[in-house]
Each structure stands twice: as structure tokens, then as C-alpha cells.
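Note that this is a predicted model, so its numbers are computed, not measured. Every chain is numbered from 1, with letters handed out A, B, ... down the list of sequences.
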Amino acid sequence: MRYWLMKSEPSEFGIDDLVRDGFVPWFGVRNYQARNFMRDQMKVGDGVLFYHSSCAEPGIAGIAEVAKAAYPDASQFDTDGKYYDAKATPDNPRWFNVDVRIVRKTRLLPLAEIRACPELANMRILARGNRLSITPVDPDEWNFIQARL
DNA sequence: GCCAACGTTGGC
DNA sequence: GCCAACGTTGGC
């Protein structure tokens with residue numbers, strides 16, 4: 001069992017959308033590192049910190065879990081969609097996604113508060129220039145965060 | 001809107 | 001394989 005932090009822009013899909021829908025295919029990731037995490041490491045039941053990015057109040061907004069292991073991302077084949085990839089074929093898909101299920105919405109744990117915790121100083125989200133949309137979370141970090149939500 | 005940081009692309 | 005140029009991310 002592993003733990004992850006997954007970023008989403010609330011203007012696109014926020015925690016309230018996840019509460020409403022119950023689960024979501026995490027499609028649209030077009031970064032190889034993030035894809036590899038989903039394809040190679042994420043397992044059903046893994047814990048997920050749902051993070052709001054590129055918004056007025058960035059931070060952790062809820063808890064989710066991996067509901068389905070990785071499978072080919074359908075959006076790469078949609079010629080009209082913004083996630084279309086001409087180099088991907090159904091026989092040789094390039095992009096994969098997992099499904100993520102809501103566990104619970106939490107209070108917002110602001111980025112500034114994360115940054116202020118020495119226990120969380122090693123989180124990838126705090127690294128300079130970090131842009132990776134999916135990052136592993138240490139069990140100790142996960143437990144610390146759970147206790148503060 | 002700004003800008004630092006990073007990943008990807010493509011010419012060579 | 002190198003590396004400059006470009007596009008994107010994301011906090012502020």
C-alpha cells in the first residue's frame with residue numbers, strides 16, 4: 001500500500017466534483033513520470049491526497065483512494081479532444097490512467113501550512129520548481145497529514 | 001500577469 | 001547525443 005498526492009485544478013475538477021461523482025478516471029496526464037507512477041506503481045486501495053492547484057487557495061482538499069488500476073487513457077484517441085495524441089494507437093497506447101474514488105472531503109490544508117510543518121519539509125510538492133502532478137507521499141507524511149485534517 | 005523552473009521537441 | 005528554443009506549470 002502506497003500513498004500519493006494528486007494535483008487537480010478546481011476550475012477543471014475540484015473536490016466537490018469528486019464528491020458529486022464519487023469517482024473519476026484520472027485522464028489527461030501527459031507527463032511520463034506521472035504516467036509511470038500510475039501505470040507501474042499505483043494499486044487499488046492506495047491512499048490519495050487530493051490537491052487543489054493553480055487556484056486562489058492551493059492545498060489539500062480531501063482524501064481519496066485508487067479505485068482501479070491503470071488502463072489506457074481513452075482521451076489520447078479522441079481526435080477532437082485537447083488530450084489527443086497522434087502517436088498513440090489502441091494497439092500501442094502511450095498514456096494510462098487509474099480511477100480515483102472519494103473517501104472524504106476534508107478541511108483545506110493550505111500549502112502555506114504544509115510548508116510551515118518541519119515534518120513535511122521533504123514533500124515533493126514543496127521542492128523548488130516542482131511541477132509533477134502525481135507524487136509519492138511517505139507513510140509518515142501521510143499519517144501526519146491525516147492527524148491534521 | 002509575471003516569471004522561475006522544468007519537460008519536450010527538433011535541428012544538427 | 002547535444003542543446004537551444006519553446007511550451008507548460010503553478011505560486012504569487
Side-chain angles (χ1 to χ4, degrees), chain A residues 2-21 23-42 46-66 69-138 140-142 144-149:
Chain A
R2 289 187 165 97
Y3 302 103
W4 308 93
L5 181 145
M6 301 176 85
K7 296 181 191 174
S8 186
E9 301 185 17
S11 61
E12 292 284 326
F13 191 89
I15 190 68
D16 291 331
D17 298 303
L18 186 60
V19 167
R20 181 196 63 216
D21 295 347
F23 83 102
V24 62
W26 207 266
F27 65 89
V29 169
R30 294 295 180 268
N31 169 280
Y32 289 105
Q33 240 183 306
R35 177 204 67 179
N36 292 347
F37 283 142
M38 286 199 283
R39 189 190 60 187
D40 304 335
Q41 295 192 40
M42 293 178 82
D46 280 5
V48 172
L49 300 172
F50 190 99
Y51 181 89
H52 281 174
S53 68
S54 292
C55 58
E57 285 193 291
I60 293 165
I63 305 295
E65 66 181 10
V66 177
Y71 57 94
D73 178 341
S75 67
Q76 69 194 303
F77 307 125
D78 176 5
T79 52
D80 296 327
K82 68 173 178 175
Y83 297 117
Y84 177 63
D85 185 340
K87 293 176 182 165
T89 64
D91 282 345
N92 192 16
R94 179 181 288 201
W95 305 109
F96 293 80
N97 67 264
V98 298
D99 286 354
V100 168
R101 175 197 300 135
I102 184 70
V103 172
R104 67 188 176 97
K105 181 180 176 177
T106 64
R107 79 173 176 102
L108 186 89
L109 180 63
L111 177 59
E113 189 175 335
I114 297 171
R115 189 172 280 133
C117 295
E119 294 88 348
L120 303 178
N122 291 328
M123 288 191 75
R124 296 280 295 274
I125 195 92
L126 299 182
R128 261 171 67 84
N130 165 68
R131 301 187 320 177
L132 200 53
S133 63
I134 300 176
T135 49
V137 174
D138 287 345
D140 287 348
E141 295 165 346
W142 172 270
F144 182 84
I145 289 168
Q146 295 288 315
R148 297 198 127 227
L149 292 175

Inset, instruction - Tell me, with the steps shown, if Trp95(A) and Tyr71(A) meet ring-ring contact (aromatic ring centres under 6.0 Å, His included). - result: CA-CA 8 Å; Trp95(A) 305 109; Tyr71(A) 57 94; over 10 Å; no

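- A donor-acceptor pair under 3.5 Å is formed between the side chain of Asp73(A) and the backbone N or O of Gly28(A).
- One N or O on the side chain of Ser8(A) and one on the backbone of Phe13(A) form a donor-acceptor pair closer than 3.5 Å.
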Quick one: which protein N/O atoms are closer than 3.5 Å to N/O atoms of nucleotides 4-6 of chain C? Pair and distance per line, please.
none

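- Between the side chain of Glu12(A) and the main chain of Glu9(A), no donor-acceptor pair closer than 3.5 Å is present.
- In this structure, Tyr84(A) and Ser75(A) have side chains that are not in contact, with every pair of non-hydrogen atoms separated by 4.5 Å or more.
- The pair Arg104(A)-Glu65(A) does not count as a salt bridge, with every side-chain nitrogen at least 4.0 angstrom from each carboxylate oxygen.
- Each of Gln33(A) and Lys87(A) was assigned the nucleotide of DNA chain B with the nearest heavy atom; the assignment lying further toward the 5' end belongs to Gln33(A).
- We find that Arg94(A) and Asp85(A) are joined by a salt bridge, their nearest charged nitrogen and carboxylate oxygen being less than 4.0 Å apart.
- Proximity of a side-chain donor or acceptor of Arg30(A) to a complementary backbone N or O of Tyr83(A) within less than 3.5 Å is detected.
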For nucleotides 8-12 of chain C, print each protein N/O atom paired with a nucleotide N/O atom at under 3.5 Å, atom names and distance only.
unit_1	atom_1	unit_2	atom_2	d
dT8(C)	O2	Arg131(A)	NH1	2.4
dG10(C)	OP1	Lys7(A)	NZ	2.7
dG10(C)	OP1	Arg131(A)	O	3.0
dG11(C)	OP1	Tyr51(A)	OH	2.9
dG11(C)	OP2	Ser54(A)	N	2.9
dC12(C)	OP1	Arg115(A)	NH1	2.8

